[in-house]
2 protein chains.
Amino acid sequence: MAHTEYVYDLADGDGTMKTLLGGKGAGVAEMHRLGVPVPDAFTVTTHACVETMNRKGEWPETLWSEVEEALTRLEERTGLGLGDPEKPLLLSVRSGAVQSMPGMMDTILNLGVSDETVAGLAAGGDERFAWDSYRRFIQMYGEVVEGIEPHVYEDALTAIKNEKGVENDTDLTTEDLKELVARFKKLSNEALGGEWTSDPKEQLKRAINAVFQSWLNPRAEVYRRANNISAALGTAVNVMQMVFGNRGETSATGVLFTRNPSTGVDELYGEFLVNAQGEDVVAGIRTPRPLEEMEEVLPDAYRELLDNMKKMEQHYKDMQDMEFTIENGKLYLLQTRNGKRTAAAALKVANDLVDEGVITKEEALARIEPAQLDQLLHPGIDPNHGQQSIAKGLPASPGAALGKLCFSADDADVRGDNEPVILVRFETTPDDIHGVIKAQGVLTAHGGMTSHAAVVARGMGKPCVAGAHGIKINPEAKTVTIGDKEYGEDDTLTLDGSTGEVYAGELPLVPPQINDDFQHIVQWADEVRRLGVRANADNRTDAMKARELGAQGIGLCRTEHMFMAEDRLPAVREMILAENDQERAAALEKILPMQQQDFEGIFDAMSGLPVTVRLLDPPLHEFLPNLVEQSLKVQELELTGGAAEDIEREKHLLGQVKKLHEQNPMLGTRGCRLGMLYPEIPEMQTRAIIRAALAVRKAKGETVDVEIMIPLVAYAEELKRQRAVVVETADEEIANSGEEINYTVGTMIELPRAAVTADQIAEHADFFSFGTNDLTQTGIGISRDDAEQGFLGQYVIDEVMPRNPFESVDRDGVGELVRIGVDKGRSVKNGLKTGVCGEHGGDPESIDLFNEIGLDYVSCSPYRVPIARFAAAQAVLNQQK
Amino acid sequence: MAHTEYVYDLADGDGTMKTLLGGKGAGVAEMHRLGVPVPDAFTVTTHACVETMNRKGEWPETLWSEVEEALTRLEERTGLGLGDPEKPLLLSVRSGAVQSMPGMMDTILNLGVSDETVAGLAAGGDERFAWDSYRRFIQMYGEVVEGIEPHVYEDALTAIKNEKGVENDTDLTTEDLKELVARFKKLSNEALGGEWTSDPKEQLKRAINAVFQSWLNPRAEVYRRANNISAALGTAVNVMQMVFGNRGETSATGVLFTRNPSTGVDELYGEFLVNAQGEDVVAGIRTPRPLEEMEEVLPDAYRELLDNMKKMEQHYKDMQDMEFTIENGKLYLLQTRNGKRTAAAALKVANDLVDEGVITKEEALARIEPAQLDQLLHPGIDPNHGQQSIAKGLPASPGAALGKLCFSADDADVRGDNEPVILVRFETTPDDIHGVIKAQGVLTAHGGMTSHAAVVARGMGKPCVAGAHGIKINPEAKTVTIGDKEYGEDDTLTLDGSTGEVYAGELPLVPPQINDDFQHIVQWADEVRRLGVRANADNRTDAMKARELGAQGIGLCRTEHMFMAEDRLPAVREMILAENDQERAAALEKILPMQQQDFEGIFDAMSGLPVTVRLLDPPLHEFLPNLVEQSLKVQELELTGGAAEDIEREKHLLGQVKKLHEQNPMLGTRGCRLGMLYPEIPEMQTRAIIRAALAVRKAKGETVDVEIMIPLVAYAEELKRQRAVVVETADEEIANSGEEINYTVGTMIELPRAAVTADQIAEHADFFSFGTNDLTQTGIGISRDDAEQGFLGQYVIDEVMPRNPFESVDRDGVGELVRIGVDKGRSVKNGLKTGVCGEHGGDPESIDLFNEIGLDYVSCSPYRVPIARFAAAQAVLNQQK
């Protein structure tokens, strides 16, 4: 083995060494090991990058000498020399993170070409190729490594094309290119104040360093945040012998997926360009040809490519995304990785691989990204829309998107917070990533199925129509002309990413279609998972949808939305403003039948399954006007001579608002604290619940398992007393009905005190439901209302915390409290039923933790139910590992 | 043994059985066991009371028959019979809680006297005594058991005295009393609609039940809350043969303390009344005579009393509070208990008992109530005041009190929240307890040193002047006339409870005088305790005081008060409103020298000791105007045609206020979150701290152990980064100075997440200080600002929680989090220094827990330091048990 501390030769690595060599470095090493033709190379490890970050940009002492040694070995193996005038070695210098971050970091190609070596490079016979490589190198190295503004080179290129009266780069002659190189060198020198270096070794050093630095560039940061990749991992740098797809008509370059990444169908899916470098395909500058056509053009290389393609797929047991180059008829594979795919494709591939006997059901489950399933659960365009499309591009990422038009990523980033927007671009670049994140969908005029926009959109599950050639975009004027019509920022388009059609205006959407692949996979998940999956729903419609999507009950039926409804607010305010018990009782009497009606709808939809109803939770002032507004209203009436009776009335209301105002309502008089002060409220709610359950049984012959949940318990004594109110009322209603009905009474564990005293609380609880939203707020001491716009956002950016704890449960802190709660609860009540409700219940990472802790079920929003079923199965598989 | 499940005969009990028999029942049983003369008796257990409460007032099935059996045995032993016309047995029925609650519950005396037995009772020769007993019985039984309004009897008594032209009850003749009994019976029957029962057994049953019920009466509830006694304990009921101190001139009754309960001096301290019942002494209706005078009146009984007094003191090894009755020359002791005493007396008695060899130092420490020491630490009247007192009463409870006058307990209860008040009453009754709690001191016109007001005030450490005969109180007019001057609600008096003097107006006060007894005891405490005791101080004056009171350093030096100072607020606001880093830096530059100056003062006072400085903690909007007020200000300017520039300025400020406004500031951008957003702030503060420490060393040759504390850490990463800012700055300052100085960097553990991830946090911390105030707020989910006026107050009243968790740490919840934090912290850093700061650090119960958990020190306000030293010693003794 010839590796040193920070540098590994191609033959020293293998596929298992991703963490050290990056995905790309480990991938080529593995290919080499398997006998697949790859260019020779060495890899500077992620460890070197991390060490360099730790030293604030300074390299570890031995790093450069290690690179020099590896270079010498590479020169020996290839018989070429970096800077050798006769047999020049040209190198590519590429980033290679542990997890793929396509296009986010820097790459330098053609390193090694110079005044000294350009003739040697041309010696093969193609002088134009050599000079074209040279001008490409200066441009790329100048921009990426030396930070020279791209327009410096672009302007010079445009100028020479104008001078020569040609339209395409390819129309420039060798002499033109020599002239261009001379101009590029002059411009570069000017831009750097005479500091342009032409020493290839120095260039290599700087190129490696530039890749290190690009790990921390803004677009990479945005991508990492969107994909939860830690900045601490660092990137490897792959230094590889250049092979050229642009050495004439027997050279080519291309990319392929071993199966269709949009649909998952086992069919050839790739693109190639003859006489081109790989960047031409990925960047979407020239529109490439379908891979099938290569069979005619380069039949031998085509067959070898197909053989290797299947070999790699079988080796990795998954659909591969590969890059290749053919140099003078010889095939090289530059990279292979598990291909990014749509959720539909992921399901189809998984299904097929199971059918083909390549992987087991469990392996299939393990490799699907549950969050990706989300896109299958989004609406599509109603097939009966009857509209004519105004344009058609490539169906680059499926699904329907509609929104107003944005013509820059920055615009989309801002406007996307407030309204649905479609990002319209010639072609997206890695710099546009923040706009893609905020857009509903992406429409591009250039680029193919494997262009940047398409790859990124598919990964995010965003609809994308790419390469819609008929459209004319004017980014300055913020318009796009399609046919003879101009569309601006205030116009809405609808994209069908599954067909590539573009429609004017808003088209009707239909609910997501769950196909057989989906059904199969989720059924496998159901066979494997241990956790139950329920839904959070507080109306009949949501309850029906939840059941349809496989919910095994309702884990959280909030009752406050019922209180908030416009037609009920007057009665609710009467209750709050009641001056005595009688007035309060009268108001509650009005609310009771409304609540009962709500519960009947929900119970009807869920009959035969458990429904957990949480008693009133929010502080009462949420039902009253805002303190500042009411104060201003009173002052305005007073200063503008309002009627005395108006002033009196508004002042009285202000008094009530002030009385109920709290400095920290999150920690205030809410949850069971309300019920403790006004036992009439839980009494009324219990009556409504039990009456509804009885009514549903009378109507349908069966009803739900009623679970009444007391919120915000901190002390066992609270639960004991509130339980007594519920039980007394429920038993009275049941006795009056002459029927039999079962119900249980439990509590939410959503305060740290409740978690650490769960053994005391469990004495009075039939079940626990962990309210991890509030437990996050109190456990970490952050107010969600304030923090996400405040320090918390900054913390996530700065990686003070691994993820936003409201999106994914804080494993070490809040997760630990949940674990303590479960363990203590079960220490006194063996097998106590425990669940979690709230948004974490639909988050796969959180579900993994809840499975590990041993909860009985999770509960999430109806549309997350399939994802939760799936994630629950993966959690079991993770635990078995 | 003749006891049954719920009833114990006198001979069946002993002094260890307080929980079951109550303090009184166990006490008389123990006296009986020791051969001290007590009347024969049986006790209904606390268990019977608790069972009755559990059954909502219904007695356990066997209880009444058990009482009947015990009564039969008592009749056999005494040779008397309840209701027996010839040899009538008369009974007292008294409450007896586990912990003494003097006067709070009901008592019925003379039960057994009736038309049938009155003659038999008179057979001894004293007919007037018999009829007087009869009328007393009807009055007491009617009021207490049947709930008849007291005025019914009082009016009748007044009427007959007027008719007969006599002034005192004692002037009524036998015939008058017979007449009075007839009228009482008629009035009682009328009041009850003819339901008055005259069956003594039925009366006994109802009397026992009345005592049970009185456990739940409002004044008992108030007392229990003030003394942290659980309502779940219940009371025992002592049924005892009546003995009579009112059988003529050889009969007497009295109370005594075996030592002086005000000063602790070993001297006779008691009062007696000849020919009177005990209630006459306690209730303060007749002013009793000093006990010494009994030697002349009843020499034999006097000597026997003194013998028994010393016997009991030696048996209990503590100063005793005893009640006695002499019936026809024969002495009975009715009760003995450890005497309530002032703190000064407690110290003196403890010191003396140690000197006398009765108890060890540890026993002495164990029996002093640490909270009581507080009163010794309160100011007294400046001896050089040069004022003439306007009245003089008995020095019933020492210390100085001044305040405006209140003439009812209800008034004192209300006004005492807002201003210092003195409660002025003829005599307090148990119904006045809520007013005494709120008053600074108590002044009464009647009653002696053992009257209700005196006993209660001493127990609470409130100054009291009792029996100031010269004063004329008019409760209706709310005035008191002293000499020829009238004082009303707006006048202020000063009481000297140590001399009994009353002064008009406010007298100058002097700091508390700590005497030798105090010094001794606290030195013993220092020998025993393990916990260090530090003080919370953020200015030089407090730091000096803390050191004087024995603080071993500063555990919490808050820096925000320095920011709040009026002369600094402009610079602080500049910092907050800074539009860019430069403006902010300029503002911080102004604040730096001010902060440094503060620290120099504190460090100078504390040199040689550790000082923990907490970096800025509160949210920035605390330094800005209130949102509602600023909103109103802007609207008012707009509606009243304010100057455009004023509107502009106030609007701009309003914008800033809104920007910094948070829904839940407690959970907002504060603590280290500020430092993370604006590292300039911790940097400036660190500079000020280190410069101050260096300056003090230069001036005095020594300086403090600097401990810099990062507040509100939730994530280890926060501490890691903030620590880096502190260390970099501090090291720079130290390097610039050319001196050497040590400092450490630690954190507050005040969030549940910090506690459960303390192992991660400890990696970056030199010490932990538990901020149990905030840990209580987040751990239990209560906002202190809101809750104490809201549900929390009700929770304490309703005993949902054992105590207000802001007064005494919540052992099971917050205490558990502290324990987890300490254990996890030390799991990675053996011997990690841990302390607690905040108000719990001065609370004895909390200190007990912190000692048990193994913290290194507590920190509290300077005046609590001696109490904390003391409580820390008791904690060690408790743990040894």
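Order of the sequence lines fixes the chain letters, A, B, ..., with proteins taken first and strands second; residue numbering starts at 1 for each chain. Atom set for the values below is all heavy atoms of this structure, side chains included, hydrogens, waters and symmetry mates excluded.
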Below 4.5 Å, heavy atoms only, C-beta onward: do [X] and [Y] meet side chain to side chain?
| X | Y | result |
| --- | --- | --- |
| Tyr715(B) | Asp810(A) | yes |
| Val800(A) | Arg721(B) | yes |
| Gln635(A) | Glu636(B) | yes |
| Ile782(B) | Asn664(A) | no |

Chain B contacts, top residue of Glu718(A), Gln794(A), Lys720(A) (heavy-atom pairs, under 4.5 Å): Glu718(A)
Top of Leu751(A), Ile820(A), Asp774(A) for chain B proximity - count of heavy-atom pairs under 4.5 angstrom: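 Most heavy-atom pairs within the cutoff with chain B belong to Leu751(A).
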Glu728(A) atom CD: more than 12 heavy-atom contacts under 6.0 Å: no
Over 12 foreign heavy atoms within 6.0 Å of NZ, Lys824(B): yes
Glu717(B)-Tyr795(A) side chain donor-acceptor pair, cut-off 3.5 Å: no
Looking at [options], which has the largest count of heavy-atom pairs under 4.5 Å with chain A?
| options | value |
| --- | --- |
| Val634(B), Leu674(B), Val628(B), Asp812(B) | Asp812(B) |
| Thr640(B), Leu817(B), Leu639(B) | Leu639(B) |
| Gly813(B), Gly668(B), Gly781(B), Ala754(B) | Gly781(B) |
| Gln777(B), His661(B), Gln760(B) | Gln760(B) |

Where [X] and [Y] come nearest, the two heavy atoms and their spacing:
| X | Y | value |
| --- | --- | --- |
| Ile780(A) | Arg673(B) | O-NH2, 3.0 Å |
| Gln663(B) | Pro665(A) | O-CD, 3.4 Å |
| Pro752(B) | Thr778(A) | CD-O, 3.6 Å |
| Thr669(A) | Phe791(B) | OG1-CD2, 3.5 Å |

Straight-line distance of Glu816(A) CD to Arg753(B) CZ, nearest 0.5 Å: 10.5 Å
From CE (Met666(B)) to OG (Ser783(A)), nearest 0.5 Å: 11.5 Å
Side chain to side chain contact (heavy atoms under 4.5 Å, CB included) assessment of Val756(B) paired with Val814(A): CA-CA 9 Å; Val756(B) 298; Val814(A) 177; over 6 Å; no
Identify which part of [X] has an atom lying under 4.5 Å from any heavy atom of chain B, answering side chain, backbone, both or neither.
| X | value |
| --- | --- |
| Pro805(A) | side chain |
| Leu632(A) | both |
| Leu712(A) | neither |
| Thr757(A) | side chain |

